[in-house]
Amino acid sequence: MNMKYTITTPLYYVNDKPHLGSSYTTIACDAIARFERLNGNTVLFLTGVDEHGQKIERTAESKNLDPQLHCDEITEKYKYLWDKLNISYDRFVRTTSIEHTSLVHQFYSKVLKSDDVYMGRQSGWYCVGCEEYKDVEDKDKSPICSIHKKELEWRDEENLFFKLSKYQDQIEKLIHVDGFISPKSRKNEIINFVSKGLRDFSISRVNLKWGINVPGNKDHTFYVWFDALLGYVSGSLNDQCSPELTEKSLSNWPANIHVIGKDILRFHAVYWPAMLLSAGMKTPRSVFGHGFLTREGQKMGKSLGNVLDPIELLEYGGIDAMRWYLLRDIEFGEDGDFQMRRFVDIVNSDLCNTIGNLLNRTITMSKKWFKENIPIDNTLSSDSTLKVKSEIMIIEYMESFKDRNFKSSANAIIDLANSANLYLNDRAPWKLIKDISNKNIVALDIYSVLESCRIIGILLNPIVPNLSNRILKQLNIDTSNINFKDSLQWGLLDPNNGLQDPTPVMNKIEFNEDPI
């Protein structure tokens with residue numbers, strides 16, 4: 001049954017160019033979006049950038065740039081990288097757009113009508129990097145942000161506040177809903193936070209030019225989080241040119257899943273649903289907080305000189321290698337460590353050897369022994385041991401993907417490819433074919449392995465779409481209309497289609513001690 005499915009990446013902060021962490025999140029979201037499309041669902045895949053706030057204002061000042069020019073420059077780098085990574089997004093949200101500003105004002109008026117805004121005074125220690133106030137012990141006179149390792153700034157100013165405390169009971173119920181927060185370790189963090197009692201939070205800042213103005217309060221701009229979270233709404237408008245905020249004006253609302261880094265989970269799992277409840281809108285169905293990436297066991301940072309530039313990694317290993325390694329080797333939801341040697345070894349072993357060589361040598365044998373073609377009538381291979389194996393691995397792949405366990409889904413693909421390789425080695429068709437009476441047996445064997453390659457090609461599609469397309473193209477399969485329901489049944493490889501000449505679908509990466 002066709003369903004509407006909305007997935008969002010975070011709206012990335014444009015204080016600097018995109019890094020490996022934001023690439024990782026976006027690749028994961030792209031894999032989910034492609035998986036849902038192959039399942040026959042109508043997908044709205046949102047990504048974009050968060051362009052307001054003090055950090056942006058200061059970064060632009062340090063470069064002697066107008067803030068808008070700075071945002072334009074960094075936003076183009078995101079779009080360029082997402083294109084390079086083959087990200088299949090439907091909408092790219094920019095919080096400096098006129099449509100977004102209009103929508104923020106409309107949303108704010110709904111919150112005002114709910115009597116959920118009041119003027120108050122905010123004093124405390126503020127991290128410009130996080131754009132949030134931090135809880136600090138009284139005795140600490142020069143506190144440092146645990147994330148940015150920079151001194152916090154003392155603030156004491158008049159702000160507009162949102163009545164978050166009013167939604168204590170509703171938020172408590174929501175966060176206990178099974179599946180709303182994943183993984184479970186993150187859910188426990190939020191339950192613990194909410195159980196201490198929700199406190200109202202400020203939704204405006206003063207003396208900040210770079211932001212959306214608060215109607216009726218000329219010295220106030222909207223707090224960057226109040227503005228940025230609404231990007232999910234402005235990105236969901238049916239008509240981007242007519243930003244009217246009604247239930248009917250939104251496509252695929254509410255979001256099925258917000259995928260975010262664990263450091264911003266509280267904003268998405270607590271503040272955001274409360275804001276939506278205040279405006280009379282539906283809350284998201286789920287929020288997934290994934291872990292952080294380190295490099296060779298160390299946190300990446302400019303001071304350490306170990307920041308891994310995704311563009312350089314792409315140039316070194318290629319798009320398929322980068323996507324495969326990040327989804328195959330790192331447990332999604334947990335922290336992960338990028339290791340260059342492991343990156344090269346896994347990509348070469350899985351994609352070049354296990355899958356690439358399997359396809360290459362089987363096509364070569366098929367074309368050599370069966371008149372440049374696919375052997376036999378496909379109905380004869382229904383009792384193949386590889387058919388049974390493929391059915392088991394398809395189930396494992398599907399269940400794992402639905403649980404966002406990309407690692408397990410990738411393992412299921414490799415398991416099937418390993419089985420096909422073992423099958424070939426056990427059957428040794430190159431020996432059997434020497435006796436012409438074995439030709440039908442060899443035909444069945446070769447067909448079974450080629451059919452396994454077809455299924456492997458389809459299962460790879462959400463994770464490494466480019467590689468998937470190259471595999472299926474060599475089998476002369478039209479990739480424009482594949483889907484899981486119709487394409488994963490055994491025996492669909494048509495002997496009349498012929499085969500392309502075998503060429504390596506994946507080139508080996510040469511390990512370089514310090515390539516990037």
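- R94 pairs with exactly one of D50, D227, D72 by the salt bridge (Lys or Arg N to Asp or Glu O under 4.0 Å) rule, that one being D72.
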side-chain contact (heavy atoms from CB on, under 4.5 Å), that's the test. Do R470 and L359 meet it? Break it down for me. CA-CA 11 Å; R470 289 197 298 277; L359 179 72; over 6 Å; no
Kindly indicate, with the supporting measurements, whether the criterion salt bridge (Lys or Arg N to Asp or Glu O under 4.0 Å) is fulfilled by D337 and R295. CA-CA 5 Å; D337 187 46; R295 182 177 184 182; over 6 Å; no
Quick one, D309 with H19, criterion side-chain hydrogen bond (donor to acceptor under 3.5 Å, both in side chains). Give me CA distance, side-chain angles, the key distance, then yes/no. CA-CA 6 Å; D309 187 326; H19 51 73; over 6 Å; no
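- Note that CG of D90 and CD1 of I7 are 11.0 Å apart. Values are rounded to the nearest 0.5 Å.
- Between the side chain of T75 and the main chain of C71, a donor-acceptor pair closer than 3.5 Å is present.
- Among K431, K439, R427, the single residue meeting the salt bridge (Lys or Arg N to Asp or Glu O under 4.0 Å) criterion with D445 is R427.
- By the 4.5 Å heavy-atom criterion applied to side chains, L488 and I458 are counted as neighbours.
- Remark: N41 CG to N483 CG distance equals 11.0 Å, nearest 0.5 Å.
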Full working for side-chain hydrogen bond (donor to acceptor under 3.5 Å, both in side chains) between N252 and Y5: CA-CA 6 Å; N252 293 21; Y5 191 94; over 6 Å; no
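- Judged by distance alone, with hydrogens and angles left aside, the side-chain atoms of T95 form a donor-acceptor pair with the main-chain N or O of E51 at under 3.5 Å.
- Residues passing the ring pair (Phe, Tyr, Trp, His ring centres under 6.0 Å) test with W82, sequence neighbours excluded: Y12, Y78.
- Residues R328 and I346 are in side-chain contact: their nearest non-hydrogen atoms beyond the backbone lie under 4.5 Å apart.
- Note: F484 and F35 meet the aromatic proximity criterion, with ring centroids under 6.0 Å apart.
- Remark: K55 is not positioned above the aromatic ring of Y13, lacking an NZ or CZ atom under 6.0 angstrom from the ring centre and at most 45 degrees off the axis.
- Side chain of W253 to backbone of K282: a donor-acceptor contact under 3.5 angstrom is found.
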Applying side-chain contact (heavy atoms from CB on, under 4.5 Å), run through I414 and N418 and close with a yes or a no. CA-CA 6 Å; I414 294 302; N418 279 330; 3.5 Å; yes
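- Within the structure, ring-ring contact (aromatic ring centres under 6.0 Å, His included) pairs that include any residue of residues 337-367 comprise Y325-F338, Y325-F343, F338-F343 (at least two apart or interchain).
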N360 and N357: side-chain hydrogen bond (donor to acceptor under 3.5 Å, both in side chains), yes or no, with the steps? CA-CA 5 Å; N360 196 290; N357 285 351; over 6 Å; no
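- In this structure a side-chain-to-backbone donor-acceptor pair under 3.5 Å is present from S286 to N256.
- Of the possible donor and acceptor atoms, one in the side chain of N421 sits under 3.5 Å from a partner among the backbone N and O of A417.
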Go through R404 and I257 one step at a time and tell me if the side-chain contact (heavy atoms from CB on, under 4.5 Å) criterion holds. CA-CA 11 Å; R404 314 300 169 219; I257 185 170; 3.8 Å; yes
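- More than 12 non-hydrogen atoms from other residues, nucleotides or ligands lie less than 6.0 angstrom from NZ of K63.
- Every residue two or more places apart in sequence or in another chain was checked for a side-chain hydrogen bond (donor to acceptor under 3.5 Å, both in side chains) with R285, and none qualifies.
- Aromatic ring centres of H258 and F288: separated by at least 6.0 Å.
- Note that CG of L475 is 12.5 Å distant from CG of L492, once rounded to the nearest 0.5 Å.
- Taking the ring centre of F511 as origin, the terminal cationic atom of R341 falls inside the region bounded by 6.0 Å and 45° from the ring axis.
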Start with the C-alpha distance between K402 and E399, add both sets of side-chain angles, then the distance that settles salt bridge (Lys or Arg N to Asp or Glu O under 4.0 Å), and finish with yes or no. CA-CA 5 Å; K402 285 170 185 171; E399 288 177 352; over 6 Å; no
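- Without hydrogens or angle criteria, S468 side chain to V464 main chain gives no donor-acceptor distance under 3.5 Å.
- Distance check: D350 CG to D320 CG gives 12.5 Å after rounding to the nearest 0.5 Å.
- How far CD1 of I456 is from CE of M393: 11.5 Å, rounded to the nearest 0.5 Å.
- Across all their heavy atoms, A321 and I509 have their closest contact at CB-CD1, 3.8 Å.
- To the nearest 0.5 Å, the span separating NZ on K508 from CD on E510 amounts to 8.0 Å.
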Verify side-chain hydrogen bond (donor to acceptor under 3.5 Å, both in side chains) between T25 and H290, making sure each step is shown before the conclusion. CA-CA 8 Å; T25 314; H290 67 75; 2.8 Å; yes
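- When each of N461, N39, N86 is tested with R34 by the rule side chain to side chain donor-acceptor pair (under 3.5 Å), just one qualifies, namely N86.
- Checking side-chain atoms of S409 against main-chain N and O of F401 turns up a donor-acceptor pair under 3.5 Å.
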What's the verdict on side-chain contact (heavy atoms from CB on, under 4.5 Å) for D83 and I87, showing C-alpha distance, side-chain angles and the deciding distance? CA-CA 6 Å; D83 183 51; I87 305 300; over 6 Å; no
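- For the pair K407 and F332, the NZ or CZ position fails the cation-pi test of under 6.0 Å to the six-membered ring centre and within 45 degrees of the ring normal.
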